[in-house]
Engineer: 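What follows is a structure written as structure tokens; I'll ask about it next.
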Protein chains: 2
Amino acid sequence: MVKSLDDTTENKILGAARKVFWEKGMAGARMQDIADQAGINKALLHYYYRSKEKLFEVIFREASSLFFMKIAGIIESDIPLFAKIESFCGEYIAMLSQNPYLPLFVLNEANKQPYRFKQRFWKNRENLFERFARDIMMEIENKKIRPLKPAHLFMNMVSMCVFPFIAKPIWMMSSGMKEDEFIHFLEERKKIVPEFIICSIKK
Amino acid sequence: MVKSLDDTTENKILGAARKVFWEKGMAGARMQDIADQAGINKALLHYYYRSKEKLFEVIFREASSLFFMKIAGIIESDIPLFAKIESFCGEYIAMLSQNPYLPLFVLNEANKQPYRFKQRFWKNRENLFERFARDIMMEIENKKIRPLKPAHLFMNMVSMCVFPFIAKPIWMMSSGMKEDEFIHFLEERKKIVPEFIICSIKK
DNA sequence: GTCTATACTCGGATAGAC
DNA sequence: GTCTATCCGAGTATAGAC
């Protein structure tokens with residue numbers, strides 16, 4: 001949920017496009033839905049953004065940067081490893097709670113159009129977890145944590161933060177959770193996940 | 001990858017539909033693609049399955065049962081908790097390695113069409129993790145593991161097994177892994193993930 | 001059962017008035 | 001900038017010959 005500062009037509013369009021694309025994806029979204037959501041007509045959409053493709057690109061670029069920005073910010077910060085893990089999980093789960101459709105949207109489109117994704121949206125993000133890997137290797141040398149490959153630790157951490165948002169509908173059916181219980185479950189995970197990780201790696 | 005026993009037209013269609021739907025999803029799939037993939041024409045598709053919708057349902061029902069079957073089988077088996085965790089992670093990651101598009105396909109469609117999913121594909125799967133929860137509560141009582149809510153443990157376990165398959169394209173870009181390194185990475189996770197979990201919960 | 005040809009519908013895009 | 005009306009390609013589905 002990115003908020004518009006004022007409701008110019010342009011902002012109404014972006015807000016509507018965000019909502020529709022995030023929920024339905026590129027293939028499932030309809031220009032008519034976006035127009036309706038924005039309270040305008042299809043022609044005006046094309047006036048502002050020549051094509052569906054162009055509009056999608058704006059939304060996807062924005063979304064993928066939102067999806068990675070917070071990761072990058074925290075990972076690159078200069079705090080001790082355990083604090084970094086706590087901060088990452090807490091803040092990332094909080095951000096995703098505000099934007100529950102974000103993970104599936106970004107990951108799905110990255111899978112469906114890997115080439116496009118690689119070409120256009122992957123500028124200067126190489127080796128995102130290199131810094132994190134260094135932190136880990138250092139703590140292993142210092143005997144603060146048991147030896148394990150940084151890649152697995154990183155993948156585990158991100159998995160436990162992000163996956164619940166993707167699995168939500170199935171999870172709610174199989175666990176019988178209601179909406180507010182799920183919110184509470186996510187809230188708990190801000191503490192539970194880093195605790196789970198640290199229990200596992202601490203020496 | 002579910003294999004066809006013989007190549008009747010029906011099996012060629014199912015194989016083609018599986019491939020196309022799994023990769024592109026309902027909204028992105030084209031009947032023409034499926035026909036081409038099967039080496040027949042569109043008309044014949046409609047002869048066997050009246051509509052795209054009907055064909056999709058067959059494939060989705062089959063996929064979601066594949067996605068849950070192995071979970072259910074292992075969870076309900078009658079072995080000690082730690083062995084169950086090891087068995088689950090190893091076998092589930094192995095199954096997904098054979099069917100890498102399965103998780104995103106099932107989870108994506110479950111999100112896009114939650115109502116349909118609930119109505120048609122959720123027969124007798126309620127409380128999938130109830131049995132697992134009992135195992136955990138018992139081991140907590142026996143002081144074999146530290147106290148933690150079964151829901152979180154279960155979610156953590158499934159997250160770490162499934163998420164890598166969904167994040168693959170992004171992961172490969174950000175980590176710089178090549179295809180064969182990723183295969184190896186998944187292979188390692190069959191051991192690493194249960195070890196990671198058990199280290200965390202063992203008392 | 002399998003094909004070619006075609007009908008029909010949906011949805012992205014444009015023309016042109018205001 | 002915003003609208004109504006319309007075009008046109010893509011894609012699902014059907015008719016009908018073989």
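Letters A, B, ... are given to chains in the order of the sequence lines, protein chains preceding strands, and every chain is numbered from 1. Keep in mind that what you see is a predicted model, and the values were worked out from it rather than measured.
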Engineer: List the residues meeting side chain to side chain contact (heavy atoms under 4.5 Å, CB included) with A/Asn41, not counting sequence neighbours, and say none if there are none.
Structural biologist: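 A/Asn41 satisfies side chain to side chain contact (heavy atoms under 4.5 Å, CB included) with A/Ala43, A/Leu44 once adjacent residues are dropped.
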Engineer: With a cut-off of 6.0 Å (strictly less than), are more than 12 heavy atoms of other residues, nucleotides or ligands near CZ of A/Phe185?
Structural biologist: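 Yes - once you tally the heavy atoms of other residues, nucleotides and ligands closer than 6.0 Å, there are more than 12.
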Engineer: If you apply the rule salt bridge (charged side-chain N to carboxylate O under 4.0 Å, His left out), what do you find for A/Arg131 with A/Asp78, and how did you get there?
Structural biologist: CA-CA 10 Å; A/Arg131 168 61 195 274; A/Asp78 225 0; 2.9 Å; yes
Engineer: Please name the pair of heavy atoms, one in B/Met26 and one in B/Glu109, separated by the smallest distance, quoted to 0.1 Å.
Structural biologist: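 So the two residues come closest at N-OE2, 3.0 Å.
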Engineer: Indicate every side-chain donor-acceptor pair of residues 31-38 of chain B with a distance under 3.5 Å to a residue at least two apart or in another chain.
Structural biologist:
unit_1, atom_1, unit_2, atom_2, d
B/Gln32, NE2, B/Asp36, OD1, 2.9

Engineer: For DNA chain D, note the earliest and the latest nucleotide, 5' to 3', having some atom under 4.0 Å of a heavy atom belonging to chain B.
Structural biologist: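 Contact boundaries, 5' end first: D/dG11 to D/dA15.
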Engineer: Are B/Lys168 and B/Glu179 close enough for a salt bridge, meaning some N to O gap below 4.0 Å?
Structural biologist: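 Between B/Glu179 and B/Lys168 there is a salt bridge, with a charged N closer than 4.0 Å to a carboxylate O.
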Engineer: Please walk me through it: do A/Phe132 and A/Ile74 pass side-chain contact (heavy atoms from CB on, under 4.5 Å)?
Structural biologist: CA-CA 10 Å; A/Phe132 191 62; A/Ile74 299 170; over 6 Å; no
Engineer: I want to confirm an ordering. Mapping B/Tyr47 and A/Tyr48 to their closest nucleotides on DNA chain D, which one lands closer to the 5' end?
Structural biologist: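 Going by which nucleotide is closer to the 5' end, it is A/Tyr48.
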Engineer: Contacts to DNA chain C from residues 27-35 of chain B, heavy-atom cutoff under 4.0 Å, which residues?
Structural biologist: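 Under 4.0 Å from DNA chain C: no residue of residues 27-35 of chain B.
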Engineer: Indicate the atoms forming the closest heavy-atom contact of A/Tyr92 with A/Lys70, along with that distance.
Structural biologist: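 Closest approach of A/Tyr92 to A/Lys70: CD1-CB, 4.2 Å.
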Engineer: Any chance you could lay out the salt bridge (charged side-chain N to carboxylate O under 4.0 Å, His left out) test for B/Lys19 and B/Glu23, step after step, and finish with the verdict?
Structural biologist: CA-CA 6 Å; B/Lys19 178 169 164 54; B/Glu23 284 182 29; 3.0 Å; yes
Engineer: Return the angle between end axes of the helix from C/dG1-D/dC18 to C/dC18-D/dG1, with five pairs used per end and rounding to 10°.
Structural biologist: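 Angle reported: 10°, given to the nearest ten degrees.
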Engineer: Could you tell me how far apart A/Tyr49 (OH) and C/dG12 (P) are, to the nearest whole angstrom?
Structural biologist: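 In whole Å, C/dG12 P and A/Tyr49 OH are 17 Å from each other.
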Engineer: Could you walk me through whether B/Phe21 and B/Phe60 pass the side-chain contact (heavy atoms from CB on, under 4.5 Å) check?
Structural biologist: CA-CA 9 Å; B/Phe21 278 129; B/Phe60 185 53; over 6 Å; no
Engineer: Identify, residue by residue, the members of residues 38-46 of chain A with a heavy atom below 4.0 Å from DNA chain D, and return them in order of residue number, or none.
Structural biologist: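 Correct list: A/Ile40, A/Asn41, A/Ala43, A/Leu44.
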Engineer: Which residue is it: B/Lys190, B/Lys191, B/His184? I am looking for the one with a side-chain hydrogen bond (donor to acceptor under 3.5 Å, both in side chains) to B/Glu187.
Structural biologist: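 Considering B/Lys190, B/Lys191, B/His184, a side-chain hydrogen bond (donor to acceptor under 3.5 Å, both in side chains) with B/Glu187 is found only for B/Lys190.
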Engineer: Once you measure the plane-to-plane angle for A/Phe154 and A/Phe88, does it fall in the parallel (<30°), tilted (30-60°) or perpendicular (>60°) bin?
Structural biologist: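 Because their plane-to-plane angle lies in the 30° to 60° range, the rings of A/Phe154 and A/Phe88 count as tilted.
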Engineer: Counting only heavy atoms not in B/Arg146, do more than 12 fall under 6.0 Å of its CZ?
Structural biologist: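 For B/Arg146, atom CZ is crowded (more than 12 foreign heavy atoms under 6.0 Å).
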